Structure formats: C-alpha cells, structure tokens
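Note that the coordinates shown come from a computational prediction; the quantities given were computed from them, not determined experimentally. Letters A, B, ... mirror the listed sequences (proteins, then strands); counts begin at 1.
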Amino acid sequence: MEKKITQTVIEAVKALYGQDVEEKQAGLQKTRPEFEGNLTLVVFPFVKIARKKPEEVAEEIGAYLVEHCDAVSKYNVVKGFLNLSINDSSWLSTLAAIDADEHYGEKQATEESPLVMIEYSSPNTNKPLHLGHVRNNLLGWSLAQIMSANGNKVVKTNIVNDRGIHICKSMLAWLKYGNGETPETSGKKGDHLIGDYYVAFDKHYKAECDELAKQYIAEGMTEDAAKEKAKQEAPLIKEAHEMLVKWENNDPEVRALWSKMNEWVYAGFDETYKALGVGFDKIYYESNTYLEGKDKVEEGLEKGFFYRRDDNSVWADLTKEGLDEKLLLRSDGTSVYMTQDIGTAKLRFQDFPIDQMIYVVGNEQNYHFQVLSILLDKLGFKWGKDLVHFSYGMVELPNGKMKSREGTVVDADDLIATMIADARQTSDELGKYDDMSEEEKQEIARIVGMGALKYFILKVDARKNMLFNPAESIDFNGNTGPFIQYTYARIRSILRKAAAEGLTPTLPSAVEMNEKEIALTQKISEYGAAVAQAGKDYSPSGIANYCYELTKSFNQFYHDYSILGADTAEQKQLRLVLAANVAKTIKNGMALLGIEVPERM
RNA sequence: GGUCUUGUAGCUCAACUGGAUAGAGCAACAGCCUUCUAAGCUGUAGGUUCUGGGUUCGAGUCCCAGCGGGAUCACCA
C-alpha cells in the first residue's frame, strides 16, 4: 500500500511539475500522533522543482493523491508536511495480507540467495564463559536469525581457540595440583574445572615471580627490571612453554591430556550454549587451522603484496592505506593471529561458497579486522573487501571493567541460574499459576528469566559499551523481555477463551475501524520494514525496540477496549484478528532475538 | 601522540539514517484490580541532546575545531 502511494507521488510530481524524482525522496513516514492522518509526505524536496510555497505544493500533491489513489481518503497540510488519511478498506486489506502469512514481513531464502557466514562465540578453552561472551553469543545468534529473515542463506560458525600457552597453563596446573580430579569426581562443570586450574596456575606463578623478583632486587636489579625478568624466568612459565613445544611436536602424552581436558571444556560449553539457546552449523578448531594461511602468505609474497625482511620475517606494508606495517610471519617462520585468520578464511571458502562474511568480535579488535579486510582483498577473496566486522562494545560493571584477575567477572552459568531463579521467585510471589505442575512452572521461569537476560543485552545498540549492575540485576518491569512475553501470554489467553466460545478469528469483509485499531494495524504492518532495516544495519536492537513499541501499543489498546466484549460481532472478529497478529508478530520478532514466548505466565 | 569509537532526563536506554513540540523504562510523587492476567494502565515532575562554529527550508543526526569517556597502535591471541 505504502509503495503504491509513493509511486503515485512520483506520478504526481511528474504530472504537476514535469520532473522525475527518486523513490527515496517520495518516501512516506508515519504521521505524528498529534496530527490527523496515518502517513505523511515531506514535500520540501519538491518545492525547488515546483517553484511554489511548501503549502501550495502539499495541497496540489494531496489533491492529486485523493483523486488518483484509492487508498487515500483525505489529506491535510501543516507547513511542508502533507498528512494523508488512509481509508478503512485499505487497512482491512493490509491486515488481511498480514493475517494470511505466518511470517509476514520476513523473506525466505531461495537457491539464488547470497550465502552469509557468521562467525561468533569463538571462546578460549581455558576458562568458562562470562558476560562478555554472553553478549557475543546472543548478538551472533540474533544476527543469524535476522539475516535469515532477510532472505539470506546463513551458516553459523565458531572458531574455537583450543591451543596455545593458555591451555598449557591449565594443563600444567592440573598435573601439579590436581590429584587427578575430573568433572565426575569433583562434580564441577568441565569448563569451570579447567578455569579453576588456570587461576591456580596464575596464583602459583605470581608467587614464584614475587620471590624471584625479590632475589633479583637483592642482587642489585631495579624493581621494574627484576619484575620483568622474573616473569620470564619463573620455573612454571618455562615449564608451560616446554609443554607448548611438546604439544607442537605431537608429544603423545601431552596431546592425550590436551584432548581429555578439552573434551571436558566442550561438554561444559555445550551446556552453556544450550542454556543460551545458541548453536552452530560448523565449528572450526584452531589446532587444525593455525598452520593454514602460511602458503597464502607465501603466495602474496610471490605476487609482491608482501615483503621479507633481513631477519626472515614477512610483513605487509599498509602505509598507503593509511595504516601501519603488519607482521604476517615471525622470523622463525611461525604464524601469528593475522596469518591464522587468513588461513581460516581459506578453509571456510573451500567449505562454503561464501558471499558475505560477518565476524562478531569485540571492538578491541577493530584494527585487526580493518587490516584483515585489506589483506583478504589483496589475496583475492571476493568478499574480503566488504567483510563485516560486527563490532560490539564491552560490558562494564559499575566499578569498571570485568577483570578475571581481580575476580570481578560475571560468570555466564551463574548469571543464567540467577535469572531463572529470580523469575521463579517473582512468579511464585505473584501466585499466578498455582495449578501448574512443578515442571511447567520451572519451564516458564526458564523462558522468562532467559528472556529478561537476552532482551536486556540485545536492546542496547551493539556498538556501545553497556553497563551491567549485578546488584540491581535485571528488571522484570518496564522495557524488558518479560513485559513483552507477558503481553504475548495475555493475548494467547484471550484467544483460548475465544476458542472456548467457538470463535475462530476471521476477518470480516467490511467493518468500521477506530483510530486505535488503525494504529495497531499500522504498527504490525511496520514489522517488515523493521526487519529489513535491522538486516541493513545488522541491528538486533532495532528489532527489540520494534517489539517493545508494538507491545506498548497493544497494552494501551487492551486497556482502552475490550476484545471479547466488543459491541458487534464484526468488531469482535476484527479485534481478535488484530490480537492474534500482534501475538504472531511478537513471537516472530522475539524469535529473531532468540527469545522464546510462553503460552502462560 | 596517531587511528577508530562514544557523549541525549538523577540512572539505564530510544529516536525509523536530515523532518513537525527529542521519547520510554527505572527511581520520586498522585491515581486505577466486581470488568479479556496489575510482570499491567493513567497522570505529575524531570532536557541549552558535552562546548563552539558551519552546511540548509529544517541538525541529537552531516562537516570542522575543542573538551570528556572507551578501544587500539606487540615477532600475544
């Protein structure tokens, strides 16, 4: 409908002033509630063409639209704003179109659709997931749903950082202080168990450093130099490095231990992923990929993109692009982070015909991805130039950043458990579902608790740092996930009652609509635009805000008008259809955020 | 210091990409459960959108300068 009006506007300008205008300039926006009308055209872009006052232009276009466009019943002009009123039958057919489509406003992928790969999560295997990872995982999953709803084929991927010095630290500590403890014998989740040994390593290592530093100072070194040397010379860190060398040389014992401990961690991660409701189509492990990429670098070297220094290290000179020089291979020939990312890119492209690549990685790596994009482009990856670094801000605590060393991390599993327990407590206090079984109650608490957590994180613009206050925790009132879920549950309840009366929501062929009914129809119809915009901006927060607005509109409607107690049968049917489609849209929108909705709560 | 990013109510966040009088939720105060679920609804109060210029019919949004947060500039990942 909106498109048709826009077309007619373009026609009108052509007919009245003899000029072609672009669709963008003839775009409509929603009329502000304080003015009469549903859609508004801003006519300022046309006044130059018309050589007339804005009011006159608006009048002329308005008159043209009423005459040539069935949907427009009347208009009014305020300064340069042309407010259009849409007639009931057009709204009714809009609603009919929405009602007919289970996934109104979303696009299905076809054979020809571009393939988008989204990398997210990418954990290290030496410690459990924390709140920062939660933000990453929720954003990544939601982004995948949004890209998919915009008609893309989506492959969700995860690159697990399963090798390196940090793993060796945990392994070493486990050997030294562990007494053969396993997840089974300790009752700990595997990732937490390994994380504890990582912390244990750090504790002992620090103690060694302090002792050594004292010794060096006694021998006459300055404090800074002593500390620096102690860090290098501590027996524990040396042992860890030896272990890493053994790992790289495929030492069977080290490899066996490594596999065993990683398995524990993966089992732990899987639980957390499951609780978060996220998953992957393809998981890559750095232990398999970290040697890849070297030949790509060699290839670039041959083609003259890169150069070799006297010490045998390989570099890319990006000063022409306004960046620095970047190391790609160390002088001993081993690869660095950048080389590995080139390698994974190569493997991924072998596995999938990628058209677009999205990396969900924190904003501290902005520079890295700027460089990666240029390098991949030079090396001939067609999607390299336009790769998207979906960069998100840090989660901060009231007294600063999360620091694992200072013990100020918010653990993901703890947080999830707390949210669910809080949801449970709230609903027990409200006493709404005393008739339910324990399992049902717990399931609702899970949906609501997770909904609160997810919405809280996803409603914020991803680029921005966000604040999380553990003491105040997460609200269940106001602009929250539970508020939206609650509205959904109430609508479902109404629809159940209607069904019990033998009513199936069916749209009447003609009915008079009041202002609020029109507003609600309009709000629902905006879902498609919200999805499209979110796809363009890579913006889960856009969907979250839309869901909130829709919910708020419905709640006001719910408060002002009775649905089951409507005056006429037609009106009742209209409102039931409206309610059903609000519920549907909430459900679909929340699904794009990875948030479930309960039938009751 | 260079580059990137951010600055909106006491607090946490919006504002459909340049449109009309900048909106919500917390917190505060005043109301609404005999009526489809009160995790709700209504009202009051709260703003020089960091500062100063510029671009134009119009700027929280774009450009320039400054000030304040954050990130990054490793033969770490």
Side-chain angles (χ1 to χ4, degrees), chain A residues 27 29-32 34-35 40 42 44-45 47-48 53-54 78-81 83 122 124 161 163-166 286 290 309 311 313-315 322-324 326-332 334-338 340-341 362-368 370 391 393-394 396 398 401 423 426-427 429-430 432-433 448 452 456 459-461 463-469 472 475-487 489-498 526 529-530 532-534 536-537 541-542 544-546 548-549 552 555-556 558-566 575 579 600-601:
Chain A
Q29 52 186 278
K30 211 162 78 164
T31 305
R32 292 215 147 210
E34 57 266 36
F35 299 100
T40 295
V42 181
F44 285 112
V47 298
K48 244 185 224 159
K53 285 186 194 150
V78 181
K79 292 189 279 185
F81 298 91
N83 300 321
S122 309
N124 291 351
N161 184 8
R163 50 135 242 135
I165 190 72
H166 47 283
E286 209 178 275
Y290 82 109
R309 286 189 184 170
D311 66 359
S313 56
V314 177
W315 295 75
L323 303 171
D324 292 330
K326 192 79 191 173
L327 177 81
L328 296 175
L329 288 177
R330 295 191 187 99
S331 43
D332 63 5
T334 55
S335 58
V336 292
Y337 181 38
M338 187 62 72
Q340 292 172 31
D341 256 352
N363 63 10
E364 76 268 15
Q365 293 192 27
N366 284 354
Y367 184 73
H368 173 81
Q370 213 182 332
S391 159
M394 302 289 105
E396 288 169 6
K401 268 172 277 177
T426 304
S427 48
E429 279 164 12
L430 292 168
K432 286 210 179 147
Y433 44 45
V448 174
F456 178 81
K459 77 172 176 190
V460 181
D461 182 350
R463 274 168 309 183
K464 293 183 178 168
N465 290 356
M466 62 174 289
L467 190 81
F468 176 75
N469 189 336
E472 290 171 19
D475 246 318
F476 286 66
N477 305 315
N479 185 358
T480 64
F483 168 69
I484 297 167
Q485 291 170 320
Y486 178 60
T487 300
R490 282 199 301 197
I491 295 174
R492 298 297 298 168
S493 167
I494 292 169
L495 294 174
R496 280 194 297 271
K497 284 207 168 112
E526 286 163 16
Q533 190 67 38
K536 229 187 277 169
D537 292 350
S541 67
N545 284 316
Y546 170 81
Y548 178 64
E549 281 170 24
K552 189 123 179 94
N555 266 323
Q556 286 162 4
Y558 175 90
H559 178 256
D560 291 343
Y561 300 95
S562 175
I563 292 168
L564 295 171
R575 289 182 185 172
R600 296 178 59 184
M601 73 178 268

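Residues A:Asp461 and A:Arg463 are paired through a salt bridge, judged by an N-O separation under 4.0 Å between the basic side chain and the carboxylate.
Sequence order on RNA chain B of the closest nucleotides to A:Asn477 and A:Gln556 puts A:Asn477 first from the 5' end. Taking the nucleotide of RNA chain B with the nearest heavy atom to each of A:Phe483 and A:Thr31, the more 5' of the two is matched to A:Thr31.
Of the candidate nucleotides B:A24, B:C13, B:A14, B:A14 has the atom lying nearest to any side-chain atom of A:Asp461.
If you check every strand for non-hydrogen atoms under 4.0 Å, A:Tyr546 touches nothing. Nucleic acid contact class of A:Phe468 (heavy atoms, under 4.0 Å, all strands): none. If you check every strand for non-hydrogen atoms under 4.0 Å, A:Glu286 touches sugar and phosphate atoms only. When heavy atoms are screened at a 4.0 angstrom cut-off, A:Arg463 is found touching the sugar-phosphate backbone but no base atom.
One C1' atom belongs to B:G7, the other to B:A22, and the distance between them is 16 Å to the nearest Å. Distance noted for atom C1' between B:U34 and B:A30: 24 Å (whole Å). Atom name C1', nucleotides B:U37 and B:U5: the rounded distance is 45 Å, in whole Å. Spacing between B:C26 and B:U42 at atom P, rounded to whole Å, works out to 11 Å.
Atom P of nucleotide B:A38 and atom CG of A:Asn555 are separated by 10 Å, given to the nearest angstrom. Counting to the nearest Å, the C1' atom of B:C33 and the CZ atom of A:Arg490 are 12 Å from each other. Rounded to whole Å, the distance from CG on A:Asp560 to C1' on B:C41 is 9 Å. The CG-C1' distance, from A:Asn479 to B:U12, rounds to 10 Å in whole Å. Rounded to an integer number of Å, the gap from CG of A:Leu327 to P of B:C73 is 13 Å. Regarding A:Tyr367, its OH atom lies at a distance of 19 Å from the C1' atom of B:G70, rounded to whole Å. Look at CG on A:Asn363: it is 10 Å from C1' on B:C4, rounded to the nearest Å. One interatomic measurement links the two molecules: CG of A:Asp475 to P of B:C13, which rounds to 13 Å at whole-angstrom precision.
Ring geometry for A:Phe81 versus A:Phe44: interplanar angle over 60°, hence perpendicular rather than tilted (30 to 60°).
For an aromatic pair to be called close, the ring centres must be under 6.0 Å apart, and A:Tyr548 with A:Phe483 satisfies this.
For B:C76, the OP1/OP2 oxygens have a side-chain nitrogen or oxygen of A:Arg330 closer than 4.0 Å. The side chain of A:Lys552 contributes an N or O atom lying less than 4.0 Å from OP1 or OP2 of B:G25.
Taking 4.5 Å as the limit, some side-chain heavy atom of A:Arg490 sits within range of a side-chain heavy atom of A:Asn555.
Between A:Gln556 and A:Asp560, the side chains place no donor N or O within less than 3.5 Å of an acceptor N or O (distance only, hydrogens not considered).
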